[in-house]
Amino acid sequence: QVQLVESGGGLVQAGGSLRLSCAASGIAFSIYAMDWYRQAPGKQRELVAGITRGGTTNYADSVKGRFSISRDNGHKMVYLQMNSLKPEDTAVYYCNAAKEYPPVQYWGQGTQVTVSS
């Protein structure tokens, strides 16, 4: 059974930091690209940051320079370090695992991040 379990969300003041974690089980973690998405109320889910199985990272323009994604293949973990948080970062953050051949992806249940002004 595949599981992605996010943790680390919470309430933080603007300018603060949070570190999200995603623990994966039931998959060959090292062959999956791992992404963090977020969805704010009334908005579409958007890609925040991604890391390929080779360790290449990419970020949404809105978080570049503030967020950092990393992975630990040995422990099947992916992290999102979020610094200089802004109220507009408030959303539910989701962990996603995906591979292309054959195409498959999995989602976590999400963790709420709330940034107060």
Side-chain angles (χ1 to χ4, degrees):
Q1 180 183 0
V2 178
Q3 280 193 310
L4 299 176
V5 180
E6 301 98 334
S7 61
L11 173 63
V12 64
Q13 288 189 330
S17 297
L18 284 174
R19 188 194 195 206
L20 304 184
S21 300
C22 173
S25 60
I27 59 171
F29 182 82
S30 63
I31 67 171
Y32 282 77
M34 299 300 298
D35 299 311
W36 285 96
Y37 285 77
R38 67 185 179 189
Q39 187 166 20
K43 295 189 176 181
Q44 289 189 330
R45 191 172 295 190
E46 63 173 353
L47 177 65
V48 176
I51 185 166
T52 67
R53 60 182 187 175
T56 301
T57 59
N58 65 281
Y59 299 93
D61 288 343
S62 59
V63 307
K64 280 181 181 176
R66 300 189 298 122
F67 290 12
S68 178
I69 188 171
S70 60
R71 66 189 296 161
D72 179 347
N73 288 342
H75 292 92
K76 296 188 176 183
M77 297 288 295
V78 62
Y79 305 98
L80 186 68
Q81 178 67 43
M82 305 187 295
N83 300 325
S84 303
L85 283 161
K86 305 175 180 180
E88 51 263 43
D89 294 319
T90 295
V92 177
Y93 283 71
Y94 297 91
C95 179
N96 174 276
K99 67 181 182 72
E100 292 185 345
Y101 306 109
V104 65
Q105 64 174 333
Y106 303 101
W107 292 92
Q109 83 289 349
T111 186
Q112 177 70 48
V113 171
T114 303
V115 184
S116 63
S117 57

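By convention here, the first residue in the shown sequence is residue 1.
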Hphob cluster co-occupancy, W36 + V113, side-chain heavy atoms under 4.5 angstrom: yes
Backbone N/O of C95 and side chain of E6: donor-acceptor pair under 3.5 Å: yes
Electrostatic pair K64-D61, nearest N-O below 4.0 angstrom: yes
Spacing of CG belonging to N73 relative to CD1 belonging to I31, to within rounding of 0.5 Å: 11.0 Å
Side-chain donor or acceptor of Y32 paired with backbone N/O of Q105 under 3.5 Å: no
Heavy-atom closest contact (R53 atom, S30 atom, distance): CB-O, 3.0 Å
Residue pair Y59 / I69: nearest heavy atoms and the distance that separates them: OH-N, 2.9 Å
Verify same cluster id: M82, L47 (apolar side-chain graph, 4.5 Å): no
Polar side-chain atom of R71 near backbone of T52 as donor-acceptor pair, under 3.5 Å: yes
T111 side chain vs G9 backbone, donor-acceptor pair below 3.5 Å: yes
In one Ile/Leu/Val/Met/Phe/Trp/Tyr side-chain cluster, 4.5 Å: M34, M77: no
Minimum heavy-atom distance between P87 and A14, given as atom pair plus value: CD-CB, 4.1 Å
Atom pair OG1/CZ of T57 and F67 - distance to nearest 0.5 Å: 14.0 Å
Minimum-distance pair of heavy atoms, taken over all atoms of V92 and Q112: CG2-OE1, 3.2 Å
Closest contact, heavy atoms only, D35 versus G50: OD1-CA, 3.0 Å
Reference residue Y94; test side-chain contact (heavy atoms from CB on, under 4.5 Å); the match among Q109, Q39, R38: Q39
Verify same cluster id: Y79, V48 (apolar side-chain graph, 4.5 Å): no
Check: Q13 side chain, S116 main-chain N or O, donor-acceptor pair, under 3.5 Å: no
Qualifying residue for side-chain contact (heavy atoms from CB on, under 4.5 Å) with V12, from L85, T90, D89: L85
Hydrophobic cluster identity match, V104 and W107, side-chain contacts under 4.5 Å: no
Spatial distance of atom SG (C22) from atom NZ (K76) [nearest 0.5 Å]: 12.0 Å
Gap between atom CZ of F29 and atom CG of D72 - 0.5 Å precision: 7.5 Å
Closest approach of G8 to L18 (non-hydrogen atoms, all atoms of both residues): O-CD2, 3.8 Å
Flag if over 12 foreign heavy atoms under 6.0 Å of CZ, R45: yes
